[in-house]
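Provided herewith is a single structure, encoded as structure tokens, for subsequent inquiry.
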Amino acid sequence: MKSVTHPESHMMSYGYKPELSEGAIKPPVFQTSTFVFKTAEEGKSYFEIAYGIRQKEQDEELGLIYSRINNPNLEILENRLCLWEKAEDCAVFESGMSAISTVLLEFLKPGDLLLYSMPTYGGTDHFITHFLKKVAVEAIGFTPDQSKEEIIELVQSTGKADRLALVYIETPANPTNALVDIEMCKEICSHFEGKRDHIYLAVDNTYMGPIWSNPLQFGADLVLYSATKYIGGHSDLIAGAVLGNAEVMTRVKVLRTFLGNMPSPHTCWLLLRSLETLKVRMEQQARNTKYVADFLAQHPAVSKLYYLGALDPASRAHEIHQRQYTSSGAMIAFEIDGGEEEAFQFLNNLNLIKLAVSLGSTESLAQHPASMTHIGLSQDLKDRIGITEGLVRLSIGVENHEDLIADISYAFSKVQQKVAYI
Ligand SMILES: *Cc1c(COP(=O)(O)O)cnc(C)c1O
């Protein structure tokens, strides 16, 4: 199918042969734990590859062994995700956190230094600052407003620059859409590499990928996803994914085999269905978000708006956005005039938009970062990155934008203000 060049055209059939499944147009759920080998020799050769004892020959496919290692639903899903990311290989996981923790465990060892961007997802932050600390991996965080020189100095100040092994970033950062320059991070890796081993760069691309940004093109070695969000897109499953070149992915997949944190065939099957509409969903979500952001920008109750479509053209963030992303995305944060009380009144009066954490789904969601997703952050960090008591985060879905705006407008009208808005 050489003439088919766009991933969205492949999502209904790529990597699946109907003739192997009674002609069924869609892959069945391969609800099986194990697979029958034709011969003992065949079983041996599959195991050699699965355990990393030898590399695959050119054009050799790893045969089906056991559903912790591989399964048709898992493999079709991974092959289709590779198309979106233009990656050599992919490993899917039972959650975004298991994708992230597996990468951190594989690419760090006791005594190593990890450089990471702050804020990062709460679960990732906890894993870094509690679990990795326990196994003697030191971590140092930087914020998106810091320059390359400042970050290099920060690494040097640890006295462990020669042990820097991994740079882990999340961009855009949750909840304020702060951007981290992937190419700058690659330069920081190169700066400390010298003659030493490769320093790996991993990017959590949950907010913008795989449709609006592909970090591998900017020099990342690994791209990570909570597939619970846009990739799954219907708030009905938990999953994760990691993509990269064949060499790094062999390492990730071998560790997954032994941690056993792959998703079930049924979860993979649901994700295959989600991928068929990934692009149309995300594009509609981004269109709706623009309408909602325009409405918020002119509303007197909004004192600050964080939206990638409204960046100051003179800012560094604007330049990074132009280079790294092809859309303004479907996430907004804004500060309501007031504090927690006003934010809660707003949230309690939304009807169509649901009050829940998570993001990237077909339905719009709203939450209060200071008391919900980011409650665990120190006050100092909250202040540095703009998580105030009045901050509200919105994830915009596929509803009609007029209904979304009416819902938001009504909720604002219920906020008891010193000054009336209408
Ligand atoms: C949700 C999320 C995660 C964690 O993913 P789970 O699927 O909930 O385990 C990691 N990173 C980001 C940016 C997320 O939004």
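The residues of the chain are indexed from 1 along the displayed sequence. All ligand and atom numbering here is 1-based and tracks the order in the structure. We use all heavy atoms of the structure for the numbers below, so side chains are in, but hydrogens, waters and symmetry mates are not.
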Item to check | Near-ring test Phe346/Phe412, centroid separation under 6.0 angstrom | outcome: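 Yes; Phe346 has its ring centre under 6.0 Å from that of Phe412.
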Item to check | Ile100 contact mode with ligand 1 (heavy-atom cut-off under 4.0 Å) | outcome: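 Under 4.0 Å from ligand 1, Ile100 contributes side-chain atoms alone.
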Next on the checklist: Counting non-hydrogen protein atoms only, what is the nearest one to atom 6 (P) of ligand 1? Give residue, atom name and distance.
Outcome noted: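 Among all protein heavy atoms, the one nearest atom 6 (P) of ligand 1 is Gly96 N, 3.4 Å.
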Checklist entry - Under 4.0 angstrom from ligand 1, any heavy atom of Asp204? => result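 For ligand 1, residue contact (heavy atoms, under 4.0 Å) with Asp204 is present.
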Checklist entry - Considering only heavy atoms, which of Tyr225, Tyr207, Tyr121, Tyr230 lies nearest to atom 3 (C) of ligand 1? => result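 Heavy atom nearest to atom 3 (C) of ligand 1 belongs to Tyr121.
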Item to check | Donor-acceptor side-chain pairing of Asn288 and Gln284 below 3.5 angstrom | outcome: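 There is such a pair (donor and acceptor under 3.5 Å, judged by atom type) between the side chains of Asn288 and Gln284.
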Checklist entry - Should the pair Tyr200 and His198 be assigned to parallel (<30°), tilted (30 to 60°) or perpendicular (>60°) ring geometry? => result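 Geometry flag for His198 against Tyr200: perpendicular rings.
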Item to check | Contact atoms of ligand 1, heavy-atom distance to Glu170 under 4.0 Å | outcome: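 Checking each atom against Glu170, I get 13 (C).
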Checklist entry - Under 3.5 Å, is there a donor-acceptor pair between the Tyr225 and Glu85 side chains? => result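 Note: Tyr225 and Glu85 side chains meet the donor-acceptor criterion.
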Checklist entry - Under 3.5 Å between some N or O of ligand 1 and some N or O of Thr228? => result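 Right, the criterion is met.
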Checklist entry - Any chance CD of Glu319 has more than 12 other-residue heavy atoms, nucleotides or ligands included, within less than 6.0 Å? => result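 More than 12 within 6.0 Å, yes.
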Next on the checklist: Can you tell me which portion of Ser358 lies within the under-4.0 Å heavy-atom range of ligand 1? Options are side chain, backbone, both, or neither.
Outcome noted: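 Near ligand 1, Ser358 shows nothing, with every heavy atom at 4.0 Å or more.
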Checklist entry - Can you list the atoms of ligand 1 that are under 4.0 Å from a heavy atom of Ser226? => result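 Near Ser226, the atoms of ligand 1 are 1 (C), 2 (C), 3 (C), 4 (C), 5 (O), 6 (P), 7 (O).
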Checklist entry - atom 9 (O) of ligand 1: which protein heavy atom is closest, and how many Å away? => result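 Looking at atom 9 (O) of ligand 1, the protein heavy atom closest to it is Met97 N, 2.8 Å.
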Checklist entry - Looking at Ala239, which atoms of ligand 1 are within less than 4.0 Å of one of its heavy atoms? => result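 With Ala239 as reference, the close atoms of ligand 1 come out as 7 (O).
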Checklist entry - Of all the heavy atoms in Ala99, does at least one lie under 4.0 Å from an atom in ligand 1? => result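 Contact check Ala99 vs ligand 1: negative.
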Checklist entry - Is there at least one pair of N or O atoms, one from Ala227 and one from ligand 1, spaced under 3.5 Å apart? => result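 N/O-N/O distance below 3.5 Å does not exist for this pair.
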Checklist entry - Centroid-to-centroid, Tyr51 to Phe258, below 6.0 Å? => result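 Yes, they do, as the ring centres are separated by less than 6.0 Å.
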Next on the checklist: Between Ser235 and Glu363, do the side chains contain a donor N or O and an acceptor N or O under 3.5 Å apart?
Outcome noted: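 Looking only at side-chain atoms, Ser235 and Glu363 do form a donor-acceptor pair, the distance falling under 3.5 Å.
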Checklist entry - Is the CZ atom of Phe344 crowded by more than 12 outside heavy atoms at less than 6.0 Å? => result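 Result for CZ/Phe344: enclosed.
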Item to check | Crowding at NZ, Lys304 (>12 non-hydrogen neighbours, <6.0 Å) | outcome: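 Not more than 12 within 6.0 Å, no.
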Item to check | Contact (N/O only, under 3.5 Å) between Lys229 and ligand 1 | outcome: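 Between Lys229 and ligand 1 (N or O atoms, distance only) the closest approach is under 3.5 Å.
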